[in-house]
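Worksheet: the structure to be examined is printed underneath.
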Amino acid sequence: MQDEYRTVARPGTHEIEINRSRFLCSLAPAATEQEAQDFIAAVRREHATATHNCWAYVIGADAGIQKASDDGEPGGTAGVPMLQMLLRREMRYVVAVVTRYFGGVKLGAGGLIRAYGGAVGETLDVLGTRTRRRFRLATVTVDHQRAGKVQNDLRATGRVVRDVRYGEAVTLEIGLPDAEVDAFRTWLADATAGTAGFELGGETYGDV
């Protein structure tokens with residue numbers, strides 16, 4: 001797994017106009033290829049009368065899935081420059097759709113490449129990006145008497161408590177960078193006089 005990746009901060013749409021053609025770029029995070037395809041379908045429905053709905057997406061922290069479509073524009077002038085812009089900005093788990101309403105002036109191949117790639121770049125600037133980092137999930141089990149202090153100490157040191165469950169004991173789920181696991185285990189033993197349970201789980205990504 002990659003240690004971290006960047007994705008778009010939020011879904012949104014930004015419009016530019018070039019030689020009377022309107023280019024509306026819609027961007028959204030997409031956790032799976034199906035989510036990306038669903039987003040493309042939704043934009044197509046919303047802009048069913050548009051001249052083109054070109055798209056590109058990158059799925060996987062390692063950019064393992066990359067797809068693009070020119071949707072009727074000359075080959076390589078729309079979807080590919082959109083995809084290249086996403087990759088140049090190191091974006092992952094993201095889908096982009098650029099909707100074009102033709103304004104009557106042909107832009108030529110170079111103009112189309114600049115327009116479609118530029119629309120994606122501008123929209124990324126407007127919406128912003130966020131970085132997500134790889135964490136190990138860990139479960140801490142502590143008695144009720146110590147649970148409040150442990151939670152406060154975790155938050156005071158910037159740890160994200162992902163879940164809290166109350167039963168015979170209190171179970172806290174947290175995320176830890178791999179490099180900090182051993183130091184955390186030592187800290188937890190000291191903080192709870194060795195009474196807390198600690199169990200490592202799988203890996204996930206969380207906001208930095």
Side-chain angles (χ1 to χ4, degrees), residues 1-14 24-43 54-69 79-98 116-141 150-165 171-185 187-188 198-208:
M1 292 174 72
Q2 302 286 110
D3 280 342
E4 63 181 42
Y5 67 86
R6 296 169 67 200
T7 191
V8 64
R10 59 186 174 87
T13 301
H14 175 67
L24 290 82
C25 178
S26 302
L27 276 175
T32 64
E33 190 170 9
Q34 186 61 55
E35 276 189 27
Q37 291 170 352
D38 289 347
F39 180 78
I40 293 164
V43 175
C54 306
W55 52 263
Y57 56 78
V58 182
I59 306 297
D62 59 352
I65 299 173
Q66 304 174 20
K67 292 189 180 175
S69 167
V80 169
M82 290 169 62
L83 180 62
Q84 287 174 339
M85 181 60 70
L86 293 175
L87 294 172
R88 191 178 308 145
R89 295 289 191 93
E90 298 180 342
M91 301 301 294
R92 305 290 187 263
Y93 292 107
V94 64
V95 54
V97 183
V98 176
Y116 280 98
V120 173
E122 276 196 30
T123 307
L124 284 171
D125 291 339
V126 169
L127 297 179
T129 63
R130 60 181 176 147
T131 300
R132 291 173 64 78
R133 186 169 294 158
R134 182 165 58 93
F135 292 101
R136 287 293 299 273
L137 293 174
T139 303
V140 173
T141 307
V150 169
Q151 284 187 69
N152 289 338
D153 288 349
L154 287 170
R155 292 193 171 99
T157 55
R159 303 286 180 213
V160 177
V161 179
R162 303 168 62 92
D163 188 30
V164 182
R165 297 186 297 277
T171 303
L172 312 172
E173 186 180 278
I174 62 171
L176 291 171
D178 270 339
E180 298 178 22
V181 169
D182 289 341
F184 179 82
R185 199 191 301 266
W187 171 84
L188 183 66
F198 180 75
E199 185 178 339
L200 279 177
E203 296 182 323
T204 189
Y205 287 92
D207 289 339
V208 173

**Fill in**
Heavy-atom closest pair (Ala68 atom, Val80 atom, distance to 0.1 Å) is CB-N, 4.1 Å

**Message:** Please check this pair: side chain of Arg136 against backbone of Gly201, looking for a donor-acceptor N/O pair closer than 3.5 Å.
**Reply:** yes

**Asked** Would you say the side chain of Arg89 lies within less than 4.5 Å of the side chain of Asp125, judging by non-hydrogen atoms?
**Response** yes

**Asked** Within the distance-only criterion (no hydrogens, no angle test), does the side chain of Thr7 pair as donor or acceptor with the backbone N or O of Pro29 below 3.5 angstrom?
**Response** no

**Item:** Check against side-chain contact (heavy atoms from CB on, under 4.5 Å), Tyr5 and Thr131
**Value:** CA-CA 6 Å; Tyr5 67 86; Thr131 300; over 6 Å; no

**Message:** I'd like to know whether Arg159 forms a side-chain contact (heavy atoms from CB on, under 4.5 Å) with Leu176, so could you lay out the CA-CA distance, the side-chain angles of the two residues, the decisive distance to 0.1 Å, and finally the verdict.
**Reply:** CA-CA 8 Å; Arg159 303 286 180 213; Leu176 291 171; 3.8 Å; yes

**Message:** Restricting to ring pair (Phe, Tyr, Trp, His ring centres under 6.0 Å), what partner residues turn up for Phe39, sequence neighbours left out?
**Reply:** none

**Message:** Are Val97 and Met82 packed together at the side-chain level, in the sense that at least one heavy-atom pair is separated by less than 4.5 angstrom?
**Reply:** no

**Item:** Non-hydrogen atoms of Leu83 and Tyr57 that approach each other most closely
**Value:** CD1-O, 3.7 Å

**Message:** With heavy-atom distances below 4.5 Å as the criterion, would you say the side chains of Lys67 and Trp55 are in contact?
**Reply:** yes

**Closest heavy-atom pair and its distance - Ile174, Val161** = CG2-CA, 4.2 Å

**Asked** Less than 4.5 Å apart, any side-chain heavy atom of Glu199 and any of Thr141?
**Response** no

**Request:** Supply the atom-to-atom distance Phe198 CZ to Thr139 OG1, rounded to the nearest 0.5 angstrom.
**Result:** 8.5 Å

**Prompt:** Relative to the ring of Trp187, is the ring of Phe184 parallel (under 30°), tilted (30 to 60°) or perpendicular (over 60°)?
**Reply:** tilted

**Leu200 CG to Asp178 CG distance, which is reported to the nearest 0.5 Å** = 8.5 Å

**Asked** Are Arg162 and Leu137 close enough, and set up right, to give a side-chain contact (heavy atoms from CB on, under 4.5 Å), and what steps lead you there?
**Response** CA-CA 9 Å; Arg162 303 168 62 92; Leu137 293 174; 3.4 Å; yes

**Complete:** Separation between CD (Glu4) and CZ (Arg132), nearest 0.5 Å, reads 12.0 Å

**Request:** List the atom of Gly175, the atom of Phe135, and the distance in Å for their closest heavy-atom pair.
**Result:** C-CD2, 3.9 Å

**Prompt:** What closest approach, in Å, do Ala63 and Arg92 show between heavy atoms, and which atom pair accounts for it?
**Reply:** CB-NE, 3.4 Å

**Request:** Can you measure from CG (Leu124) to CZ (Arg6) and round to the nearest 0.5 angstrom?
**Result:** 8.5 Å

**Asked** At what distance, to the nearest 0.5 angstrom, does CD1 of Ile40 lie from CD of Glu35?
**Response** 12.0 Å

**Request:** Check whether any side-chain heavy atom of Val58 lies under 4.5 Å from a side-chain heavy atom of Met91, and answer yes or no.
**Result:** no

**Request:** Decide if atom CD of Glu90 counts as having more than 12 heavy atoms of other residues, nucleotides or ligands within a radius under 6.0 Å.
**Result:** no

**Request:** Could you tell me which non-hydrogen atom of Ala9 sits nearest to which non-hydrogen atom of Leu127, and how far apart they are?
**Result:** CB-O, 3.6 Å

